[in-house]
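Here is how names work: the chains are called A, B, and so on, in the same order as the sequence lines, proteins then strands, and each is numbered from 1.
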Amino acid sequence: MNHIEKQLSAAPRQQFYIATIAGIIAVLFIWSFTAVNFNDIEQSGLKIARNIVYGLTHPDTALLFNVTKQSVLYLLVETVAIAFLGTVVGAVLAVPLAFLAASNVVPKPVAWITRLLLIAIRTIPALVYGLIFIRVTGPGPFAGVLTVGLTSIGMLAKLYMDAIEELDTRVLESMKSIGCTTFEKIRFGIVPQLLSVFLSVMIYRFDMNMREASILGLVGAGGIGAPLIFAMRSYKWDQVGSILIGLVVLILIIEFVSGKLRSKLVKG
Amino acid sequence: MIAFIEVNKTYPNGTAALQNINLTIEQGEFVAVIGLSGAGKSTLIRCINRMHDITSGKLIVDDVDVSKLKGAHIRKFRRRIGMIFQSFNLVTRATVLSNVLVSFVPELPMWRKWTGMFTKQHKIQALEALDKVGILDKAFMRVDQLSGGQQQRVALARTLAQNPDIILADEPIASLDPVTSRIVMDDFKRINKELNISVIMNIHHVEIALEYADRIIGIRKGEVVFDGATSKVTQAILQDIYGGKWEAEQAAIEEQASYVG
Amino acid sequence: MWDKLFPPKPIALANGKVVLQKRSRVPLIVLILIVCTVASARFTGFSFQVLWKRMHEFFTLFRAMIPPDWGSLADIWQPLLDTIKMSLLGSMIGALLALPVAVAASANIVQSRAIVAVSKTVLSLLRTLPTLVSALIATFVFGLGPMAGTVAIMLFTIAYVGKLLYEQIENVDMGAFEAMESIGMTRIEAFRFAIIPQVLPGYISTSLYCFEGNVRYAAILGYVGAGGIGLLINEGLGWRDYPAVGMIILVLIVTVTIIESVSEHFRRKLI
């Protein structure tokens with residue numbers, strides 16, 4: 001019995017640590033409640049909620065399927081185009097940055113500074129870039145493309161960099177022994193290793209960019225966002241319904257296809 | 001006492017897993033159930049604590065008609081029966097002690113269940129159970145840091161903490177190497193003799209079964225083809241139980257054993 | 001299908017053996033990429049000329065933000081705290097609500113197929129909706145202010161944490177669950193003692209990670225009137241008060257970095 005009680009008293013004490021964490025979380029929870037004012041809820045809220053549900057179940061089908069420049073279909077294609085081109089722009093710009101941030105390619109200080117730059121690019125919200133680019137190119141999808149491109153750089157370069165740092169350098173050694181030039185080493189030793197990873201990362205980011213592109217319209221940078229906010233401000237809930245349905249279906253399709261493509265790329 | 005009376009078990013897909021089983025197992029017996037994979041050994045054991053339902057017949061455990069139990073009564077009934085699994089079925093991320101403490105959960109008041117705070121009394125009982133299987137010093141280690149044999153002994157301690165009358169063991173040594181197998185089997189034997197707990201065990205390794213069990217039950221295609229004292233088992237009987245595949249089965253086990261060892 | 005359209009090319013070796021080489025798909029992929037790029041460029045009015053002529057404007061704007069207007073810090077403080085509170089509250093409530101939804105979506109725990117299918121559909125629909133759009137809708141229902149932002153963040157958190165959590169639950173080793181049932185526990189008790197200990201670290205880590213992302217999202221929600229710092233960015237740019245915008249961005253970068261490193265510290269500990 002004695003040795004059992006001795007073992008019991010040897011139990012690691014975690015209660016204090018757990019209690020502290022729980023206390024901090026509780027304080028944060030209560031503190032964050034002070035931001036929300038429940039009196040803000042307007043009486044009309046419930047009515048509007050009902051209207052939205054009505055709009056979602058009775059979408060404006062004419063708006064959904066006609067082929068003018070205002071139709072949902074056209075705007076969705078525009079959104080996809082923004083997301084796609086933005087991804088391409090971002091992917092191209094990310095390549096040199098990724099090499100500059102890879103610690104096995106450039107000296108440590110250079111890599112470090114590039115990484116800081118990438119973090120800064122990544123932290124600024126897309127909407128800020130959108131608002132700035134509108135000053136550059138004027139409102140429209142072009143601004144959207146540039147915005148999506150710039151916001152993609154951060155993540156793309158980070159993931160590219162990981163791939164570069166994991167490069168299998170034994171191949172290069174064997175190629176050197178065969179007598180390859182630097183160009184040949186890059187073309188046949190490095191590019192094949194990186195290409196499929198880069199493509200996979202690109203497809204993943206494209207999937208994310210669909211969401212980015214669909215909100216950029218809110219600041220006037222093209223895509224489906226602008227008509228959505230107009231329809232809402234004018235309480236045309238059937239139009240809101242058709243836009244939302246179109247958007248959700250499109251994003252689900254793209255998510256499905258990009259998942260398939262990526263798993264195919266991984267398997268080779 | 002466990003009594004099977006004309007028990008039949010048919011799976012929803014039509015497979016007859018058990019046919020006309022008649023058995024009586026007294027308190028304190030050490031019974032090994034042998035037979036080919038898929039013969040119905042696992043089903044037989046799992047019917048005893050109602051992890052499986054029987055289709056017809058009667059199954060009586062200490063005057064309780066098992067097939068008539070419902071909901072909370074089933075769970076209360078299961079408290080008296082421990083179960084050991086081939087893959088240990090422990091929460092590997094948790095410590096050894098908390099894996100054993102789980103035994104006391106059904107007895108706890110609601111707030112203790114949800115917070116997972118156990119009484120000192122329960123902790124001492126759990127440590128005693130660990131002491132009985134000789135791994136008291138591992139109490140505060142995480143289960144995934146232990147070897148296979150030690151993990152199976154944690155499972156054994158978990159069952160002992162339940163203070164059961166019967167222990168059901170489903171291939172307890174199939175994932176262990178030969179040396180550890182014997183250590184675990186010694187534990188089973190000691191528990192069976194010292195605490196007078198009935199042990200009913202499915203086992204692949206016939207030699208070990210013959211060495212440790214008091215009684216052998218041979219099952220072929222859902223039917224009991226042999227039931228008797230270990231001393232009465234002959235080569236001919238084994239041939240019968242394994243349907244002529246006795247040598248093949250034996251070779252497979254040896255190959256596996258040498259692979260693990 | 002590709003192999004039928006373009007039959008593999010036979011290569012005869014000197015010793016008479018024939019090896020079939022599959023036609024490479026790279027040219028096709030490159031072609032599709034080029035076509036899509038050109039089409040998208042025309043569709044969106046992408047023009048290098050405009051970019052070349054006007055790009056300096058972008059940097060001029062950024063240069064105008066430096067040095068940031070330290071005096072505006074006093075005005076930023078309150079909206080920044082609101083942003084953090086919104087994302088904290090939304091993440092906490094969302095992560096809590098994600099638990100029951102994820103359990104309902106786990107095919108190995110819930111036996112009713114209909115419940116599982118419905119829960120999974122709800123989660124994926126919620127996840128599809130961009131946070132800004134749900135915030136926009138929320139402003140109509142809950143009025144302008146942090147409440148709408150909190151609801152939007154909560155919805156996204158439910159979807160994100162819920163999906164990752166049910167995937168984890170479905171991949172869990174069910175052996176312990178079986179053992180708990182054999183001890184005499186109810187299914188709920190068995191879930192508490194067999195499944196939760198296995199998924200808890202992953203769940204907390206996912207929630208923390210989601211919270212990091214939510215801080216970024218919360219920063220822009222103000223743009224649609226859902227409270228927080230986003231409104232200030234819009235106002236600052238509208239009035240061309242670039243040093244003030246620069247200050248906001250600086251504060252945001254610092255805040256996000258701090259929150260990320262704190263959360264990363266705890267996530268590392270969980271593994």
Side-chain angles (χ1 to χ4, degrees), chain B residues 42 45-46 48-52 69 71-95 98-108 110 112-116 118 142-144 151 154-155 158-159 161-164 166-170 175, chain C residues 92 95-104 106-113 164-208 266-271:
Chain B
S42 230
I45 275 201
R46 275 154 207 258
I48 297 175
N49 64 349
R50 262 297 280 281
M51 296 296 274
H52 285 335
L69 291 173
H73 293 289
I74 297 183
R75 293 194 292 273
K76 208 171 158 219
F77 168 73
R78 282 181 185 160
R79 302 279 304 129
R80 302 174 32 221
I81 303 177
M83 194 160 191
I84 299 285
F85 304 83
Q86 173 180 345
S87 45
F88 325 132
N89 294 10
L90 299 164
V91 180
T92 50
R93 291 194 73 116
T95 61
S98 46
N99 266 286
V100 179
L101 280 169
V102 149
S103 282
F104 305 115
V105 166
E107 300 163 8
L108 293 176
M110 201 44 115
R112 281 194 187 274
K113 270 181 197 168
W114 285 104
T115 54
F118 294 86
R142 263 170 63 154
V143 168
D144 46 15
Q151 292 196 20
V154 175
R158 174 175 68 187
T159 303
Q162 221 178 307
N163 201 11
I166 302 164
I167 291 180
L168 307 174
D170 191 7
S175 336
Chain C
M92 283 187 184
L96 278 181
L97 292 180
L99 257 176
V101 184
V103 173
S106 305
N108 56 344
I109 305 294
V110 174
Q111 281 148 336
S112 154
R113 281 190 172 190
L164 289 174
L165 185 59
Y166 86 68
E167 280 175 354
Q168 254 196 323
I169 294 178
E170 287 189 339
N171 285 324
V172 124
D173 168 30
M174 286 300 278
F177 189 85
E178 192 192 13
M180 305 288 163
E181 278 199 297
S182 83
I183 283 172
M185 289 195 197
T186 61
R187 286 180 75 83
I188 297 173
E189 287 164 4
F191 179 82
R192 160 69 182 82
F193 285 94
I195 311 284
I196 288 189
Q198 293 186 64
V199 298
L200 193 62
Y203 164 69
I204 296 175
S205 167
T206 315
S207 304
L208 276 174
F266 282 102
R267 283 197 288 130
R268 284 235 178 88
K269 276 191 127 177
L270 282 167
I271 301 167

S.K.: Pick one of side chain, backbone, both or neither for C/Met180, based on which atoms fall under 4.5 Å of a heavy atom in chain B.
M.R.: side chain
S.K.: Compile a table of inter-chain donor-acceptor pairs under 3.5 Å between chain C and chain B, counting both main-chain and side-chain atoms.
M.R.:
from     : atom 1 : to       : atom 2 : distance (Å)
C/Gly175 : O      : B/Asn89  : ND2    : 2.8
C/Glu178 : OE1    : B/Asn89  : ND2    : 3.3
C/Glu178 : OE2    : B/Arg46  : NH1    : 2.2
C/Glu181 : O      : B/Arg78  : NH1    : 3.1
C/Ile183 : O      : B/Arg79  : NH1    : 3.3
C/Glu189 : OE2    : B/Lys113 : NZ     : 2.7
C/Arg192 : NE     : B/Trp114 : O      : 3.1
C/Arg192 : NH2    : B/Trp114 : O      : 3.4

S.K.: Could you walk me through whether C/Val172 and C/Val199 pass the side-chain contact (heavy atoms from CB on, under 4.5 Å) check?
M.R.: CA-CA 8 Å; C/Val172 124; C/Val199 298; 3.7 Å; yes
S.K.: Can you say whether B/Ile84 sits under 4.5 Å from chain C via the side chain, the backbone, both, or neither, judging by heavy atoms?
M.R.: neither
S.K.: State, to 0.1 Å, how close C/Ile109 and C/Val103 come at their nearest heavy-atom pair, and which atoms those are.
M.R.: CG2-CG1, 4.1 Å
S.K.: Flag the one option from B/Val91, B/Val105, B/Ile81 with the top tally of heavy-atom pairs under 4.5 Å to chain C.
M.R.: B/Val105
S.K.: Taking the side chain as C-beta and beyond, is there a heavy-atom pair between C/Val101 and C/Tyr166 under 4.5 Å?
M.R.: no
S.K.: Looking at every heavy atom in both C/Phe177 and C/Phe191, which two are closest together, and how far apart are they?
M.R.: CE1-N, 3.7 Å
S.K.: What do you reckon, is CD1 of C/Ile188 surrounded by more than 12 foreign heavy atoms closer than 6.0 Å?
M.R.: no
S.K.: Between CG of B/Leu101 and CZ of B/Phe118, what distance do you get to the nearest 0.5 Å?
M.R.: 5.0 Å
S.K.: How many angstroms lie between CG in C/Leu165 and CG in C/Leu200, if you round to the nearest 0.5 Å?
M.R.: 9.5 Å
